[in-house]
Amino acid sequence: MKEAVLTPEDFDRLLLWLDPNRAQAALKYEKTRIRLITFFAGGGCRSDAERLADEAFDRVSQKLKDGQVSASHGRDKVFYFLGFARNIRHEYLRRINPTGVTIPIVSPDEKDSTDVQTELECLDQCMGELPEEKRWVVMEYYLFEGSAKIEHRRKIASQLGIDVKTLRLRVHRIREQLKPCIEDCLIRSGITT
Amino acid sequence: MTDSGQEQDTSRLYLLGKLTGDDAEEFERRLFTEEELVEELLAAEEELIDDFLTGDLSTDDTAMFEKNFLVTAERRQKLRLGRAVRTYAKPSPALKKPIPSPAPWSWQRLFSSSLVRATAFASVILLAAFGIWRVAFYQSDVDKGLAALNNAYREQRPLEVRVSQQNYARFSTFRSGEPDRVRTVELDYAERYLRDAVRDDPSAHSRHALGKYHLLQSQFDQAIQQFEEALKTDPSNAAVYADLGATWLEKGKLSLDKGRANPTSPEYGRGMQELGQSVVYLNKALELNKTLVEPHFNRALAEQYLTLYNEAERDWQEYLKLDSTSPWAEEARRNLKLLEERKAKTSVIKEQLIEHFLQAYRERNDVLAWTALSPGRARTGNPIVEALIDDLLSSETDGRWAEASEKQEMLSYAGKVEEQSVQDRFTADLAEVYKSSTPVQRKKLRQARAMMKQGVQFYDRSEYDQAIELFSKARELFAQTSDDAEKLFAEAWTGYCHLRLQHPEISIETFERLSKVFQAKTYRSLFAQSLLAIADALTSRSEYSKVLDRIRQSLVVSEQIQDRANAIRCLQVETTVQLILGNYSESLASTFRALTILNALPPDAKLSWPFYHDASIDFYFLGMPNVALQFENEALRLGLEANLPLQVSRSYDRLALIYQRLHNYAEALRNCEQARTTASKIASERMKTNLLAHSALHFGELYNETGDYNRAVESYDEALRLYEKINLDIYQYRARKGKLLALRALKNDGATEVELAAVLYWFERNREKISEESYRNKFFDTGQNTYDLAVGFYYDQKKDETTALDYAEAYRARSLWDLMNTGAQIVDDPNHPQIKLSAPVSPLKSSEIQPLLPLGIQLLEYAMLDDKVIMWVMTKNGLKSAHTTIARDELDKKIQSYLRTLSRATKDNNDEIIHQAKALYGDLIAPVESYLDRRLLLCIVPDKNLSFLPFTALVSPASGRYLIEDFTLQTAPSATIFIKASQQAEQKALNKTEQALIVGNPYFDREQFADLPDLPGALREAEQIGQLYTATPLLGNAATSSSVKRLLKEADVVHLATHAIPDKRSPLLSKLLLSKHGVEQREPHHASSGFLTATEIYGIKLSRTRLVVLSACQTGIERVYQGEGAIGLARPFIASGVPVVVGSLWPVESESTADLMISFHKHRKQNHVSTVEALRRAQLEILHKQQPGSPKSYGWAAFSAIGGYATF
């Protein structure tokens, strides 16, 4: 992947194309950037999302520079980036897994048991930092398997007075909250993430 | 937003790589725009991983998971974490029990336990403590979110408006170049808390808070949505109205910014409307709570942007009474100061300009001299030049010869500068006259000039007859002194008087002659003014197209010579004409453009008044009477300030109209009386009569509205008498229509019948003067209800179904009929194309239609009136009618609801769809069911919103069968057009071999239309249809617009399977996407635009083509005009001579459309049935293929054949 090469002139041109009003152009730039980042994050390129977003800006900017984009592009210009984003993601995924072969999954049994133990200790430590209710929700959420899992989650949701979708999102947010803590802990324990 | 379960399923399919083609693209597009979907997707990732870990994935899904999902390191990392969480949460046997819950229990459960009963007292104490904590310390998500929002913008606020409960922070735009001082982390918190709050408890309180977040992010539409939702549950919340008003204000400012970047775009008009909307909501907020400071602050701002400077000044002062100490008050003071400076600055500009000119003359600085000379130019001449001539003459009279000589030098210098700068010789010629004139001639010139000045004074007082006398005498004196320049100037002023006296013929003759002389003499400013005067005169004759032509010419010259005053007058006429044509947004755009120019000129009440006056009526028609009131009050103030009785009378008249809309009839009648009193003081007899006539007209309308119909008739008669006296017919239609309504209310059938004929005569006269097709359609759109009155009157009162049908036929698809008969003259402006029509052609009457109907046809024509739907069934041998009593609004709602339900068709709502289809069948088919013959082809002629309805899909309540199962159906825009198209079809039926042009999935411009998917279904469709016609289809890159345009004329059958892009600005800009070429094949771009626009189709004569199939989205209809009916991409083909067009009513899905189209052409070519029958068979095949219980798809019903009867 090439480095971002957006010069001040390129950036000005890009802003002008986004909106003749500079304040609005800046807002649109930010909005587009956020959308690109979320698009890449949702598409499995989360760790490189920002860099890929910048790459999309570079490519659009180059098109503008080459005069290949109509100034009066009639539709929502944000969508213009989507086509580029798709290509970039496609290229990225091909690069990280060029052959398209299935990547073997390492089961816990094959892993270094020390690593597994450290992971569990970190998880325990980070779970301990969560408020009681959040900890309870996670523990309950991952309690059962198979059909019992679905039924149990329905009960948790009902008890909390929310629907299953909201429960799923709530668990996701708790896990997002846990993530930096676990990563820190693993690094401190000498395990790279 | 879709159903959550469905959302989860889609996310899983996407993650597993099982979502392909259109679905994957659609999902990614949503992923790009819906922030919530990203979170949903990340949560779905975790679910998928967990299902994998617990072995709950199918074998197939497991394989996909391993192959497609785990491609990135971070997902593999997520898998590790998921596994760790699972291991950590793994239950020990002891844990397998009912859920231990930290969540609150119910009271019943609490007290059912004896142990708990024993501790109840302690619990009450604890709960009391909890209550205290909640009141004192507890913060809800909304509180936390709002606190974070305040923190985020603690140092700098992003918007100029004041948002409720948002603390003060300095307002700074990006333009200042300062770094952004927004705390993004706090902003993220705010978003998270406020979104959670709405998700968990979507109350008015949480929605209001989330709306504020969106507002501060400049996400105006989302903010409006939240505020509007909040108001649904809390409709009296002043703060929500205040923030809603603030949002519209910022939205309006943004549009105005865009307008400034491109002054001819519609953004100015949109911005004005949005600012008006802002004022409406801010007024509402203050109505609910007048002590709220935010709406006071924001209203003053909105008024300032709307150029309502006096109102803004008053509101800033009001604001400062409520808040005089905060930093917000400082901003208010700054704004107030700006307004005061504006006043002070503008009042000294004239003197400054003279000073600047004198300085430039001394320094011989031509650039500075022109800067001083240029802005003051007015219809009364250039004030600097005028002052120089006056000084020159008075110096001579007093014997100050040296001074006179210097003034002469200055005059010559001014002439030279003007000629050099803008190639205008007027002042230079004047200078020569004064230089070479004798003392005797100068005496005459002095007299003539004094007369001119006096004449202008009479003109200003609307005393035009006296003014004409003086201008004529002055002209004679100028002629005697060989002062051609001022002689012509005096003639122009005589022309202006005739213009105001509503003598359009004299004015046009005068200015047509003068414009030629001015052009020959290169008096460019006077030339531009004369073009404008012609336009003004043509307005009185309602020749609006010519008006706009002249205005555009005059504007071009005015801009070239930097004559801003004339440019403003041009915009004023444009404003008025757009207003007359019902283009309120365009009218507002011209208004704002002019007011922006006016700001840079010396204050001139006469110049400003019309814009405030016209803006008021624009807002009035846009449903904002309170904003209209503010603009008209400003106009009245200007009129009174400058002592302009004509304008004052008109302002009172307008105020009366606005109060009428506000149902304040006492104020309306009072202002109407004021208008009459002011008018009666005007010296000019003709002008006085005109205004008195107008007052009488208005009194008539007020009496009509208050139910005093006898006085209404008297007033209208008085208005008609007065208008006749001055031979002014522009208001004939309006007065007669008002009288007609009064007579109907009085149930005077005899007089109603007479008046009806007169009203329609004047309506048609006004219509035929408009040559632009879109303006004709809009004019008809606003006045079409007169025809509804006629249809209703003859059907109900006179029991004459034939005449009623003739009137119903007389209002529909008239422009299309004109186009088919006289062709189109295209004005190919890339952004504003227009079609000009020749003189209108009368539609056929039922007595002419019936004998021309083919034997196998039955026409079913509808008329949607306010209180009923009338339907006529016409065959070659008979005419029968019936009606359903249903309010038009109710029927519109039923149609909308049906279409909405249809667009979300699933197996779960099919019963609802059928229920609604039966109800509509009951309203629209059942009353005439017994008149219909299933053996005959049924051609439906819909009216108004019935054009959107898929009649094929209506269901008989008795048999449960779709209408298409019983009838072969097609539609036509009118019976007249059906006949014409049938005749064309008959001529084209002679050719037995069909040459086909088939287009499929063109390689359209992916950059310009990045959000549109590829159409693999269209490719398959074109390939298979090509085989049926033994034609080579144009696919992908080969389907260039240039090839398609060329081959169109040579084809009998045209099938276009591509994207259709309706254009919101104008249906003439709507297009079918084709290939632009060059991308893959490296061919030059010049030949192909990459699309086929409606304008281009109108411009091609398709004398060979017999059938066009538009296999794309929504090609049959984009919008409906009350009179003209459906406008879509099918229409230009019909206008160009194609007798049958197959088009769609709504967006269609690519694959199923391909199946339908292949089947349709198979029936047509292999079974040799007609187009309409082939379409029916293809539709029935799809309908009958659908399994019971499976999701119903109504894609088949979207397509219909439009046009005439054809055997092919």
Side-chain angles (χ1 to χ4, degrees), chain A residues 20-24 26-27 35 38-39 41-42 44-47 63 68-70 73-76 78-80 82-83 85-86 93 96-97 102-103 105 108 119-120 123-124 127 132-133 136 138-140 142-143 145-146 149 155-156 159-160 162-163 165-166 168-169 171-172 175 179 182 193, chain B residues 4-5 7-8 28-29 31-33 35 37-43 46-47 50 54-56 63 66-67 69-77 79-81 83-89 91 95 99-103 173-175 199-200 217-218 254 257-258 261-262 1006-1011:
Chain A
N21 175 297
R22 202 167 166 80
Q24 286 311 313
L27 281 174
R35 284 181 176 184
T38 50
F39 174 81
C45 329
R46 202 172 183 184
S47 55
K63 285 271 176 194
Q68 290 177 19
V69 183
S70 161
H73 192 280
R75 318 200 126 239
D76 187 347
V78 170
F79 282 115
Y80 184 62
L82 181 59
R86 282 185 181 132
L93 294 177
I96 58 171
N97 186 15
T102 304
I103 294 170
I105 302 161
E119 274 174 10
L120 286 172
L123 191 58
D124 186 49
M127 289 283 279
E132 171 61 31
E133 182 174 317
W136 175 82
V138 173
M139 294 294 285
E140 287 299 327
Y142 292 107
L143 196 59
E145 297 177 1
K149 176 166 81 175
K155 282 183 187 167
I156 306 168
Q159 195 157 311
L160 291 171
I162 55 178
D163 60 24
K165 185 199 172 193
T166 311
R168 194 173 72 243
L169 288 173
V171 171
H172 164 68
R175 286 184 57 163
K179 204 176 152 193
I182 293 171
T193 61
Chain B
S4 63
E7 198 84 278
Q8 193 190 352
E28 286 182 346
R29 199 161 33 245
L31 195 58
F32 206 57
T33 50
E35 288 162 30
L37 188 60
V38 176
E39 192 177 37
E40 167 61 43
L41 190 71
L42 293 172
E46 285 160 8
E47 288 297 293
D50 192 56
T54 56
D56 291 328
E66 291 176 357
K67 183 170 182 240
F69 181 78
L70 289 176
V71 284
T72 64
E74 67 201 44
R75 281 181 180 164
R76 293 196 292 274
Q77 172 66 21
L79 177 69
R80 278 174 62 187
L81 179 63
R83 184 179 283 128
V85 172
R86 266 278 158 201
T87 312
Y88 183 77
L95 269 176
I99 304 167
S101 169
T173 62
F174 197 78
R175 292 187 195 116
R199 188 174 293 122
D200 294 344
Q217 293 292 292
S218 297
L254 187 62
D257 270 346
K258 288 182 192 162
N262 180 10
R1006 297 300 202 269
E1007 283 185 14
Q1008 196 177 353
F1009 303 99
D1011 53 335

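These values consider heavy atoms only, across backbone and side chains, with no hydrogens, waters or symmetry-generated copies. Throughout, protein chains are lettered first and strands after them, A, B, ... in sequence-line order, and every chain is numbered starting at 1. Note that this is a predicted model, so its numbers are computed, not measured.
Contact count versus chain B (heavy atoms, under 4.5 Å) is highest, among A/Glu145, A/Met127, A/Arg175, for A/Arg175.
Contact annotation for B/Leu42: both backbone and side-chain heavy atoms come within less than 4.5 Å of a heavy atom of chain A. Looking at A/Leu82, the atoms closer than 4.5 Å to chain B (heavy atoms on both sides) sit in the backbone and in the side chain alike.
Considering only residues two or more places apart in sequence or on other chains, A/Asp124 meets the salt bridge (Lys or Arg N to Asp or Glu O under 4.0 Å) condition with none of them. Residues satisfying the salt bridge (Lys or Arg N to Asp or Glu O under 4.0 Å) test with B/Asp56, not counting sequence neighbours, are A/Lys149.
With rounding to the nearest 0.5 angstrom, the CZ atom of B/Arg83 is 13.5 Å from the CG atom of A/Leu123. Interatomic distance, NE2 of A/His172 versus CG of B/Leu41, reported as 9.5 Å (0.5 Å rounding). Between B/Glu46 atom CD and A/Leu169 atom CG the span is 9.5 Å, to the nearest 0.5 Å.
Salt-bridge check for B/Glu47 with A/Arg168: failed, with every basic side-chain N at 4.0 Å or more from each acidic carboxylate O.
Residues B/Thr87 and A/Glu119 are not in side-chain contact: their nearest non-hydrogen atoms beyond the backbone lie 4.5 Å or more apart. At least one side-chain heavy atom of B/Leu254 sits less than 4.5 Å from a side-chain heavy atom of A/Gln24.
Across all their heavy atoms, A/Tyr142 and B/Val85 have their closest contact at CD1-CG1, 3.4 Å.
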